[in-house]
Amino acid sequence: MSLTQMCHQEIIKHQKIFLYSIDATCGNGHDTAFLLKNTQAQGHVFAFDVQQQAILTTQKKCAHDLNKKQLSFFQASHSKMTAFIPKRFYKKIDLIMFNLGYLPGSQNKTICTQEKTTLLALDQCSQLLKPGGIVSVLAYPGHRQGKEEKESIESWINQQTLYIYTEHHDIKKNNAPILWLLHLKK
Ligand code: SAH
């Protein structure tokens, strides 16, 4: 099972169907497709990525699954999430997903999520989520920048009072990818 699938499985244990959700890093579209598939007919998925290539790939992947459901893309940093999401959705979002790192298969591995903008984005989640809403964060400490990013997310999480969280990773492996699920307290 891929990490993305493992993440989906963990989320589904808590919530099976979504009304409004955000993919903070749409990448190759696996999470956006998962969100869309599990979204109610009147629901909406918002997808962010800084790379046009990621948005095009995700659009293609989701084209057949649109029906009445709405999907909006923002080619922008998730650190500006609250500026892009219309105010009427504040406090109504069920789930916000982060799959960090660089776009798999991309030529340009320099376009990678950055510790500073990731934390700025995480800070905004509590304004957007409904009570009980979930933030999922999948981080990859296997490379230097990813390790620093993982450590700063860890200390960000430790300072939180708004969330309760669970952590999932393979303890037998050094620097294995890590998944956090943060639940906004009700
Ligand atoms: N590492 C994962 C995939 C991550 S894709 C895996 O192995 O499957 C991460 C995506 O985040 C990339 O498409 C990249 O363009 C995007 N990204 C990087 N910085 C971003 C930012 N500040 N805001 C939104 N998306 C960003």
| Salt bridge between D65 and K37, side-chain N to carboxylate O under 4.0 Å? | no
| said: Between F46 and D23, is the side-chain contact (heavy atoms from CB on, under 4.5 Å) condition met? List the steps. | reply: CA-CA 6 Å; F46 300 96; D23 186 349; over 6 Å; no
| task | Show your reasoning for whether side-chain contact (heavy atoms from CB on, under 4.5 Å) applies to Q145 and E115. | result | CA-CA 8 Å; Q145 203 178 329; E115 158 182 354; over 6 Å; no
For [X] and [Y], indicate whether the former's side chain and the latter's backbone hold a donor-acceptor pair under 3.5 Å.
| X | Y | value |
| --- | --- | --- |
| Q124 | S79 | yes |
| E167 | W180 | no |
| T39 | L19 | no |
| K61 | T32 | no |
| N38 | I17 | no |
| K91 | S126 | yes |
| S152 | E149 | yes |
| D49 | G27 | yes |
| Y90 | L129 | no |
| Q15 | I11 | no |

If you draw a 6.0 Å radius around [atom1] in [X], do more than 12 non-hydrogen atoms from other residues or ligands fall strictly inside?
| X | atom1 | result |
| --- | --- | --- |
| K186 | NZ | no |
| K185 | NZ | yes |
| K80 | NZ | no |

Which heavy atom of [X] sits nearest to which heavy atom of [Y], and what is that distance?
| X | Y | value |
| --- | --- | --- |
| R88 | K92 | O-NZ, 3.2 Å |
| K16 | I12 | NZ-O, 3.2 Å |
| I96 | A24 | CG2-CB, 4.5 Å |
| T113 | G101 | OG1-N, 2.9 Å |

| task | Taking atom types as modelled, find out whether N99 and Y140 have a side-chain donor-acceptor pair closer than 3.5 angstrom. | result | yes
| said: Any heavy-atom pair between the side chains of F18 and I93 that's under 4.5 Å? | reply: no
| task | From the options T25, V137, I153, select the one residue that forms a side-chain contact (heavy atoms from CB on, under 4.5 Å) with T118. | result | I153
| Given the side-chain rings of H44 and Y20, with only the six-membered ring counted for Trp, is the space between their centroids under 6.0 Å? | no
